[in-house]
Amino acid sequence: MSAATDRETAGRISRFPHLRQDFAASLVVFLVALPLCVGVAVASGVPAELGLVTGIVGGLVTGMLRGSSLQVSGPAAGLTVLVFEAVREFGLPALGVIVLATGVLQLAMGALKLGRYFRAISVSVVEGMLAGIGLVLIAGQLYALAGAKAPESGLGKIAGLPGALVDAAGSTAALASLAVGAATIAVLVLWKRLPAKVRTVPGPLAAVGLATLAALLLNLPVATVEVQGLLGSVQPPSLAAFGEPANVGLLGTIVAFTLIASAESLFSAAAVDRLHDGPRTEYDKELMAQGAGNALCGVLGALPMTAVIVRSAANVQAGARTRASRVLHGVWLLLFAALLPDVLAYIPVPALAGILVHAGAKLVPVRALVGLWREHRGEALILVVTAVSIVAVSMFEGVLIGLALAVVKTAWEASHIRLEIVDKGAGPVQAYLSGNATFLRLPKILDSLEALPQDRPVELDLSGLHHLDHACRTALETWSERHSAAGTEPVKVTEPVMTA
């Protein structure tokens with residue numbers, strides 16, 4: 001009997017050699033994910049339980065699939081603003097359709113092996129997108145800290161903050177709410193400076209737990225999370241809601257969800273890969289895993305999911321070795337949602353707002369922007385313009401503006417050209433063109449050539465060109481004809497040698 005038991009134990013260990021590490025890591029990730037799932041849902045304007053549903057699906061479904069073995073998926077602060085705007089404009093029933101369509105598009109892109117191409121998106125655009133989201137998120141949640149209603153537009157949120165703070169100063173309830181939110185942010189900021197034994201409890205959980213305890217003990221007049229029950233919150237989209245995608249605005253929202261969720265997940269995967277020495281991310285499979293999770297979230301009428309760097313980093317740092325840790329974290333979320341949903345009703349809303357203000361601040365890369373401005377001002381400009389456009393216009397248009405600016409910058413840099421003039425005082429003037437001759441640099445080329453003396457023969461050497469577009473060739477031929485017509489010898493042109 002003893003030998004049989006030993007063999008059974010050895011077999012279990014061989015099948016799950018890292019179960020102990022993954023089990024411990026799953027508990028840490030669960031404790032980090034719980035307050036974030038609830039906070040993102042509340043800030044998105046949907047029932048708190050729907051954030052837990054997305055977290056559960058991210059663990060049990062996406063967590064089981066291949067792609068990135070250690071990154072954890074769930075509702076993300078980066079999509080909060082977009083979800084809030086979508087629910088406000090199209091209604092909660094349409095959210096399921098949007099998320100389902102997002103998942104289907106991600107599955108299709110993964111099947112077509114387009115996941116790797118998301119790595120080609122300008123990092124400045126992605127950071128600008130996250131910075132814009134962070135600014136709007138912070139501005140909106142500052143109103144929630146004071147128990148006030150936030151304006152709808154990004155600029156309106158920022159412009160209305162001074163008035164909202166003045167109004168809060170005259171209200172006892174608003175001041176109590178601000179105090180709870182500010183204390184939550186303070187705990188999050190100071191938590192990393194506490195002894196390691198204390199920090200075994202994740203900062204977000206400690207901050208929410210302390211805020212909840214203070215609100216109960218002091219009987220503070222602050223709003224708390226409204227609880228509807230897990231089954232009562234899950235509302236699959238009706239058949240009538242599937243007629244909505246004909247709406248052009250909703251189609252744009254679906255595209256925005258797809259691009260932003262996919263980019264954030266795959267950039268997160270690249271970041272997580274740098275944190276561990278395990279298997280590298282398979283980007284197309286990871287995109288399909290995200291798509292499968294979002295498709296199911298859409299069917300359940302829940303929030304969209306992305307890979308979340310905060311949870312993923314916590315997973316790696318807690319010692320996770322395989323995807324079992326993220327699956328188990330989904331199990332713990334499911335057990336909590338099924339057995340202890342009423343606990344949510346005690347959580348103060350300003351505490352969740354404080355967590356999201358802190359999360360939003362992390363999305364704004366202030367230090368990176370300073371370094372970028374010193375070394376690559378063009379990239380820094382793209383980041384700032386993208387962020388400001390998202391705040392001033394909308395998420396989708398802001399990202400498109402950033403992408404367009406990145407394309408223009410790349411085209412401008414790719415059209416680098418050098419014109420060297422050699423004039424020995426006698427004989428022909430020699431002009432050497434090298435680089436890439438495109439229409440973007442045509443004015444500079446023509447100004448220099450037209451400044452050459454009309455009474456001297458010219459030899460134009462184009463052999464150093466890597467690329468010569470049609471506009472430049474036509475302009476050079478026209479200039480050559482004009483120069484030759486002035487009574488001098490015809491311009492001698494050495495054609496470029498370019499490989500096909």
Side-chain angles (χ1 to χ4, degrees), residues 18 22 25-26 29-30 32-33 36-37 40 50-76 78-79 96 98-119 121 126 254-255 257-276 278-300 302-316 320-334:
H18 306 297
D22 290 333
S26 72
V29 178
F30 160 69
V32 171
L36 291 174
C37 286
V40 169
L50 291 183
L52 294 175
V53 171
T54 299
I56 292 166
V57 173
L60 299 183
V61 178
T62 304
M64 288 286 290
L65 300 176
R66 295 179 64 186
S68 178
S69 60
L70 296 183
Q71 79 170 352
V72 183
S73 300
L79 285 176
I98 295 171
V99 178
L100 174 58
T102 296
V104 171
L105 284 176
Q106 288 180 313
L107 284 168
M109 290 191 299
L112 294 172
K113 300 189 181 301
L114 299 179
R116 70 194 72 178
Y117 293 107
F118 275 88
R119 300 171 71 184
I121 296 177
V126 176
I254 291 172
V255 172
F257 268 67
T258 304
L259 292 178
I260 294 171
S262 301
E264 188 169 346
S265 294
L266 298 182
F267 271 87
S268 171
V272 173
D273 279 351
R274 291 195 290 269
L275 299 177
H276 67 89
R280 303 295 90 180
T281 297
E282 298 177 72
Y283 285 89
D284 296 317
K285 291 181 180 179
E286 177 61 19
L287 189 56
M288 293 188 73
Q290 295 294 325
N294 272 318
L296 181 55
C297 286
V299 170
L300 297 174
L303 290 170
M305 75 165 60
T306 73
V308 187
I309 188 62
V310 174
R311 275 163 256 184
S312 303
N315 189 37
V316 175
R321 303 295 294 275
T322 72
R323 58 177 176 264
S325 61
R326 60 188 191 179
V327 175
L328 284 172
H329 118 276
V331 173
W332 311 141
L333 285 174
L334 177 60

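Bear in mind the structure is a predicted one, so any value in this text is a computation, not a measurement.
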Looking at [Y], is its backbone amide N or carbonyl O close enough to the side chain of [X] to form a donor-acceptor pair, meaning the two atoms are under 3.5 Å apart?
X	Y	result
Thr54	Leu50	yes
Asn315	Leu70	yes
Asp273	Thr281	yes
Ser312	Val72	yes
Arg311	Val32	no

Specify the closest pair of heavy atoms between [X] and [Y], including all atoms of both residues, with the distance to one decimal.
X	Y	result
Val99	Cys297	CG1-CB, 4.0 Å
Val29	Ala314	CG2-C, 4.4 Å
Gly55	Pro75	N-CD, 3.7 Å
Leu79	Pro304	CD1-CG, 3.8 Å
Val308	Ala76	CG2-CB, 4.1 Å
Ala269	Tyr283	CB-CE2, 4.4 Å

Would you mind writing out the side-chain donor-acceptor pairs for residues 56-63 within the sub-3.5 Å range, not counting sequence neighbours?
residue, atom, partner, partner atom, Å
Thr62, OG1, Ala289, O, 3.3

Can you find a heavy atom in the side chain of Arg323 that is under 4.5 Å from one in the side chain of Arg66? yes

Leu105 and Ile254, any side-chain heavy atoms less than 4.5 Å apart: yes

We want to know whether Ser262 and Gln290 form a side-chain donor-acceptor pair, criterion being a heavy-atom distance below 3.5 angstrom. no

Straight-line distance of [X] [atom1] to [Y] [atom2], nearest 0.5 Å:
X	Y	atom1	atom2	result
Leu333	Leu328	CG	CG	11.0 Å
Ser68	His276	OG	NE2	5.5 Å
Glu264	Met305	CD	CE	13.0 Å

Applying side-chain contact (heavy atoms from CB on, under 4.5 Å), run through Lys285 and Leu65 and close with a yes or a no. CA-CA 8 Å; Lys285 291 181 180 179; Leu65 300 176; over 6 Å; no

Under the side-chain contact (heavy atoms from CB on, under 4.5 Å) rule, what do Leu100 and Val299 come out as? Steps first, then yes or no, please. CA-CA 6 Å; Leu100 174 58; Val299 170; 4.1 Å; yes

Excluding sequence neighbours, so at least two apart, what forms side chain to side chain donor-acceptor pair (under 3.5 Å) with Thr306?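 Here no residue qualifies.
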
State which residue, out of Val104, Thr102, Asn294, Ile98, fulfils the side chain to side chain contact (heavy atoms under 4.5 Å, CB included) condition with Thr258.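 The residue from Val104, Thr102, Asn294, Ile98 that satisfies side chain to side chain contact (heavy atoms under 4.5 Å, CB included) with Thr258 turns out to be Thr102.
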
